[in-house]
Structure formats: structure tokens, C-alpha cells
Amino acid sequence: MLTVRFDALMERRRLVDAQKRRSGPGTAADARARAPRPRRRPRGMLGLGVLARRTSSKSPPPSCFPTPGVKLSPDFGGPFTTLGLGVVSAPGPLFGKVTWTSTAMAEGEEVLPLPTSSGDGWEKDLEEALEAGGCDLETLRNIIQGRPLPFDLRAKVWKIALNVAGKGDSLASWDGILDLPEQDIIHKDCLEFIDQLSVPEEKAAELRLDIESVITFYCKSRSIKYSTSLSWIYLLKPLVHLQLPRSDLYNCFYAIMNKYIPRDCLLKGRPFHLFRLLIQYHEPELCSFLDTKKITPDSYALNWLGSLFACYCPIEVTQAIWDGYLQQADPFFIYFLMLIILVNAKEVILAQESDSKEDVIQFLENTPSSLNLEDIEDLFSLAQYYCSKTPASFRKDNHHLFGSTLLGIKDDDADLSQALCLAVSVSEILQANQLQGEGVRFFVVDCRPAEQYNAGHLSTAFHLDSDLMLQNPSEFAQSVKSLLEAQKQSIESGSIAGGEHLCFMGSGREEEDMYMNMVLAHFLQKNKEYVSIASGGFMALQQHLADINVDGPESGYGHWIASTSGSRSSINSSVDGDSSNGSNDRGMKSLVNKMTVALKTKSVNVREKVISFIENTSTPVDRHVSSSDRVGKPYRGVKPVFSIGDEEEYDTDEIDSSSMSDDDRKEVVNIQTWINKPDIKHHFPCKEVKENGHMFPSHLLVTATHMYCLREILSRKGLAYIQSRQALNSVVKITSKKKHPELITFKYGNSSASGIEILAIERYLIPNAGDATKAIKQQIMKVLDALES
């Protein structure tokens, strides 16, 4: 039994947050979010801290997310109850004052009684929406708002969340012959599964045949060899409890396997190497302990991931987890649920230092079995918090783990088992530190030699010469101390260079970055949280800035790249693949031996520049205007933030706008529901035009702040994918072709005195394009006027 509960973990997060706001970052446990003290707030807003020592239980821990619309009393009141994980918690359900409906369970299982609600209006709304048909996932989210699903409606909600509502019988064309080489194993596993369910004898045979048929047909259609270790039986358990017909049972199983079970989910598989990097990023001490024990995530989390916790959790707990998980519609969210289960048990795990490897693995493997219904909201709340503190590259660089096997893992994908730490794309580094307010922000540490740094570097980067670690350890220790102090000052001053997440940048050449890897290892050994590496190093940064710039390198990234030496020739040549003379001569020799007084002089210049930048006394860097700016007017003396005119003939940008979309999951929505939304100001039927000339029937919807593109699903009338979501204040240019005035191109990005930085391009064929562009222009003007005021 665990000695730590999620609500206690959240309370400890709050207390440590308060401490961090007073002291700032600097130690192994200091790089944590400075979220305000959590108050009762609408669902989805987070204000959590970090895992710390156990605190007094004299005052009740806060209930994180109340049901929207329910008035809350400032007095918690009532006695505390002791629940499954062994620590007291405040009374009452975590999803609001609603009633859980029991499902069919094995003998001996029971559901904990929860307080009931006097009002069930939302359940009636949900039932009516489901009966009306054409209901999309967003509509369901707005109605459900995180409450537990009634048992009689769960099947319909899950089918919509899995995009299988109304789908035909995939098994109709199958001959039904059960003749796989491993059929005996499948039959045996199905019989054992039916016995566990305590199904009435008259229904057992039919149910067993349904399950065996689903597994057999899936193996045949996907050319997969069945094995008991695949956890499919456990994955089917929550679906079987919904009493679905065979066709729906298969469709739901197929959708879950395709979207939510990662590829290569087996021992030593890629998904578990990725999970280790996530643990290391947030909990390096715990990761180091498990590494010392030679315990890899696949040894204890194989069935966590393979069955989405159904292997270990009681059926009512599994269904509650799936209720939230499927509504999230984010396959990567399972990683954060697994992470929280480990973090919650951290103190117990670290206390098992003298235990054998096998004992620790057994403890870890069975940890989810301690979950109960009262834990689910805290589990999701904490997972959301850790998710918000994780770089987006964690998802984007590994999106191929989920989905169709046709997309597969590329041959040139990095071997995650050899990764030193989590990698972050240079595009995310550039975008993250322009954000205002919450989110992942990076403090970039440039570990290249001094002459390379001075020739050209990211304007917000701190320089740490990695050679010093071996050549002059005392000076290196002083540099690290200065780095942490600079990080603290940059955060406190609100500088755009500030960030709690350390991102180390090398040259991008393996032989030159050897010392940088040693520096990385040094920080990881000190259990420093939020440590990452810039993918491809400075070379990748230069190439990215050159690729997204359409007006030439001189105006494209001048505001991003700074040069201490005043020379830019080495920067431009590096983009073409040529290295500087310093790089060619360096080899494995230390720059400290080649540069004495000169290096010290450069170091002083660099140090003064960084301090000046952190204190915001130097010339400010031009950047995109945001609503948080309070001084001056946006884009004063700069090109218009957008222009409408004929498209230049040289315009051959090939940026894939779909990769820049805010919604990478292509959620399915009801078109008419979205058109009728009160916040939709304009609707323009159109055709989306891709670079290859393909056109897709679509709809442009304009709100007060954003423009959406809904691409129609031809096989499902009335439904569409959310293909794109773009902020209106990111539109930098709207153009049309002279010969085809109805073909409109939207360019999104940033505008500054140094030029326009294009981040995404979308093209649409719009009837009455003049009226459409006029309406969009007027809405953009309103957004800019609001920013200016």
C-alpha cells in the first residue's frame, strides 16, 4: 500500500511553489513552475507545485477542479476519510457532486459509494444530444465537463470519441473461420477471460466467440501473430463490460489499437525509451535510482501501456480513466498518467534502495492497482500539469509512434535508447521564448567554443565553454554558478531570455559536441530537472532560420543571431555546410591552450552582454506584439502586419501548414454545429488547395481572434476534420493570383523591423473572395486595435 496520495502530492506542490517564488531556481529541485497558490477554479486551470516532503494534514488539501456552475463553499468542513492509497483526503467525489453508476463486475468487486447530486440536467442534455445524432466530441466535452459518465451512455460517448459511431460491420465480409496457427492460445486466453467475468452460462459461449473472432480477424487483417503478452485480452475488458455487439466491439478495439496503443509496444521498444526520457526530464532523481538498479520502463510498464491500465485496475477505475483519456483525444497523455503514478510513489520507491531488482519491479508493476475512483481527478490534474511543463517536441518528434502503420518509424529516426536526454527542436526554442505568460520557456546554454559563439549565436543564449570542464574545473564550476544565477535573474526580470527549462546547444557536429555531452551529463548527475538538448545544434538553427525566411538571410534572422565579433560571414557560410577556420583547426585540442588573454577578453565581453540583456538595459529585440505588451504601439515603423495584394511570382513557399496547426490530432466535428456557434462571425465555403494541387472541400470559420479550416469528410456527410486553427494576429500577408483572383494565400508568422518571418502558409479557393478577404481584414484590424490599446 502506498503512503502518498495524489491530494497530498498536490498540496506539497503548492507549498514548494510558494518556497520557489521566494528563493528562485538554482538547486537540483529548483527548476519548477512558479504557479500561484491553487484556488478553486474552473476545470482545466492548473496551479500545482512539485513533490516535496510530507506536510501536516491538519488542514484539508484543496479539491482541484470543481464542477463548473456549482457554487463552492469556502469552508471544506466534514471529517477526512482514509482511502485506498493510505493518506487522508477531503470528502466528496473528485468529479463534482454526481453519482457513479456501477457496471457489470466480477464477484467480490464493489464500487465505493459516492455522494449523489440533486440535479441531473447535464445527463439529460447528454442523452438528448446523443439521441439527436450528428454529435461531435467537442459538443460532448462541453456537456460532460469532466463528470463521470452514466453507464447507459458510456458506450455511445466512447464510440463518438473513437470516431466509430455509425461505422459499418468490418467483419461482414469475413468467413468467420478461426484457423490461425496460434488459435489454441487465443481460445485458451478467451476462456480464461470469460471465467474471470462471471458471465451467465447461457451467454458465455456467445461472448467467448465474439472476443475470439475480434482477435482472430484483427490478426488476419493486420498480419500480426498473436501472443498472450500483447495485453489484448485486458484491453478488451472495458469494452466487453459495455455489452457491445460484435461489430462495435471490433470497431472500438481497432480504433484503440490504431490510435492509442503505440507501435513497437514490446520489451525494449521505442515507446519505453521515450518514457524514460520523460521521467528523466521531470524526475531525474527517480530516473537515476531506477537506472542504478538497471530497471527499464518496459520491465514494469509494458502492460500499463499495452492495456491502458486495464491489466491492473478494477473495471470501474479503468472505465473512469478511459472516460477522461478518450475525451482528451491525445494518445500521448497516457505517458503523463504513467508518470504521475511513478511520481506519486516516489518516496516509497527511493526507500527500496536495499531491495532486490525483482522486488522493486514487482512493486512498480502493481502500483496502478492501488488507484480508486477518488484518485482519478487528481491523477488527471497532475498529469495535465506535467504535460504543460513538457516541450511540444516530445509529441511532435515522436508522433509516428501512434496511428497507421503506413506512416511507420523512419529509418533515420534517432535511437532513443542512446539519447542522453530529451531533444527539443530549434523551431520550438524560437517560438517558446516569444510566448507571454505560462508555458515552456527555455534558458538556452550555448556550449560551443568561444570563437564560434562570438562569430554568431542565438541572441538569447548564455555561453558556457564545455572545454573548461576538463581543462579548468574550477573556472567551469564558477561558470556553472554564474549560469544558474543568470537564469534566476532572467526569470525574475521577465526577460525573453529567461526560462526554467535548460536547453543545451552545441554545434551540431558529433565530434565537436563530445565535451557538451559531458556537460549535459554533469547537470543530469546533479539531478537537475528540465534539462534538454537542441536537436541538430547551431547548424540546425541556422538552417531553420534560412528555410523559413523568404526575403533572404540578411533580413530574415538578423534579429535572432547576434555576433560579438561583428562578422557575419561565418554564419552564412555555415548554412551552406562550410565550417569556420576555428572549427577546422580545433580537432580535439582545447581552446583554452590556444587562447589565453584573448579568450579572457572575449569572456568579459560575453559576460557583460549577457548581464546587460538580462537586466533589459540593452537595445530590445524586435518581436511580435502580444496582448501583454503595455508600452508603445505594435509594429511602429514596421511593415504592415498584413497586406492584401497580388501574389508575387517568386512566392514558392513550401511550408506545410498542417504541421503548424494547433490541433495535430485532426479532431472530427459536426460542421453545422460549428457554423451555428455564437462566436463564429463569418463562414466561407471554400476548397483547401495543397502544394501538390489537390483540393479539398472545406469551410473557413472566423471568430473574434482565430480562423479555422474545417475539411469535409466525404465519407461522413455533415462531419469534418479541424484541419487548421490560426490566430488572426499571426496573419502577416494575404495575397491573390492575378489570373486567379479567387485563389487566396494566407501567410502566418511574425513581423518586425528586420522583416517578416513566415511560419505557415495556407491556400484556399474562395467564391466571392473579395467579400471574404474584406471581412477577414476588418476582423484582423479589430484584433490589432485591441492589441494597440
Side-chain angles (χ1 to χ4, degrees), residues 424-431 433-434 442-467 479 483 486 495-497 503-513 515-516 519 533-549 551-586 591 594-595 598-599 601-614 618-623 750 752-755 757:
V424 177
S425 67
V426 292
S427 60
E428 180 177 4
I429 295 172
L430 296 182
Q431 295 171 20
N433 281 32
Q434 293 185 94
F442 298 99
F443 186 81
V444 180
V445 182
D446 194 322
C447 292
R448 294 175 299 145
E451 79 264 14
Q452 291 186 27
Y453 177 86
N454 290 336
H457 57 269
L458 185 65
S459 58
T460 58
F462 182 97
H463 183 233
L464 178 65
D465 193 339
S466 56
D467 283 347
S479 298
L483 183 155
S495 166
I496 63 172
C503 185
F504 292 83
M505 179 177 291
S507 67
R509 304 176 182 89
E510 184 176 355
E511 65 279 2
E512 294 181 3
D513 290 341
Y515 287 175
M516 182 201 67
V519 173
I533 186 172
S535 298
F538 191 71
M539 285 199 307
L541 172 66
Q542 292 174 307
Q543 189 62 55
H544 173 74
L545 292 172
D547 288 345
I548 64 175
N549 172 47
D551 297 323
E554 286 298 322
S555 62
Y557 53 80
H559 67 291
W560 283 114
I561 301 296
S563 175
T564 305
S565 62
S567 172
R568 295 180 59 88
S569 59
S570 61
I571 302 175
N572 294 330
S573 64
S574 295
V575 175
D576 297 329
D578 298 331
S579 59
S580 63
N581 292 334
S583 297
N584 292 333
D585 295 339
R586 178 177 180 270
L591 287 174
K594 296 191 297 179
M595 304 172 63
L599 176 59
T601 303
K602 291 180 180 179
S603 298
V604 171
N605 293 336
V606 171
R607 187 181 302 112
E608 291 176 349
K609 179 178 181 300
V610 170
I611 294 175
S612 175
F613 185 84
I614 291 172
S618 59
T619 303
V621 178
D622 293 327
R623 56 190 175 87
N750 299 327
S752 65
S754 60
E757 181 184 21

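If you read the sequence from its start, that first residue is 1, and numbering goes on from there.
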Okay, side chain of [X], backbone of [Y]: is any donor-acceptor separation there less than 3.5 Å?
X: S466; Y: V519; value: no
X: H463; Y: R448; value: yes
X: D513; Y: G508; value: yes

Give me the atom names and distance for the closest heavy-atom approach of [X] to [Y].
X: A540; Y: S535; answer: CB-O, 3.4 Å
X: A461; Y: Y453; answer: O-OH, 3.0 Å
X: E512; Y: S507; answer: OE1-OG, 3.0 Å

Among residues at least two apart in sequence or on other chains, which ones pass ring-ring contact (aromatic ring centres under 6.0 Å, His included) with F504? F523
Close side-chain approach of V445 and M505, heavy atoms under 4.5 Å: no
What's the separation between atom CG in N750 and atom CD in Q431, rounded to the nearest 0.5 Å? 8.0 Å
Return the CZ to CZ distance between R509 and F538, rounded to the nearest 0.5 Å. 10.0 Å
Evaluate side chain to side chain contact (heavy atoms under 4.5 Å, CB included) for I533 paired with M516, printing each intermediate quantity in order. CA-CA 10 Å; I533 186 172; M516 182 201 67; 3.3 Å; yes
Tell me yes or no: between the side chains of D465 and S479, is some donor less than 3.5 Å from an acceptor? no
Test applied, side-chain contact (heavy atoms from CB on, under 4.5 Å); reference residue, F442; option that passes from L458, L430, V424: V424
Any residue meeting side-chain hydrogen bond (donor to acceptor under 3.5 Å, both in side chains) with S425, in chain and number order, not counting sequence neighbours: S393, S427
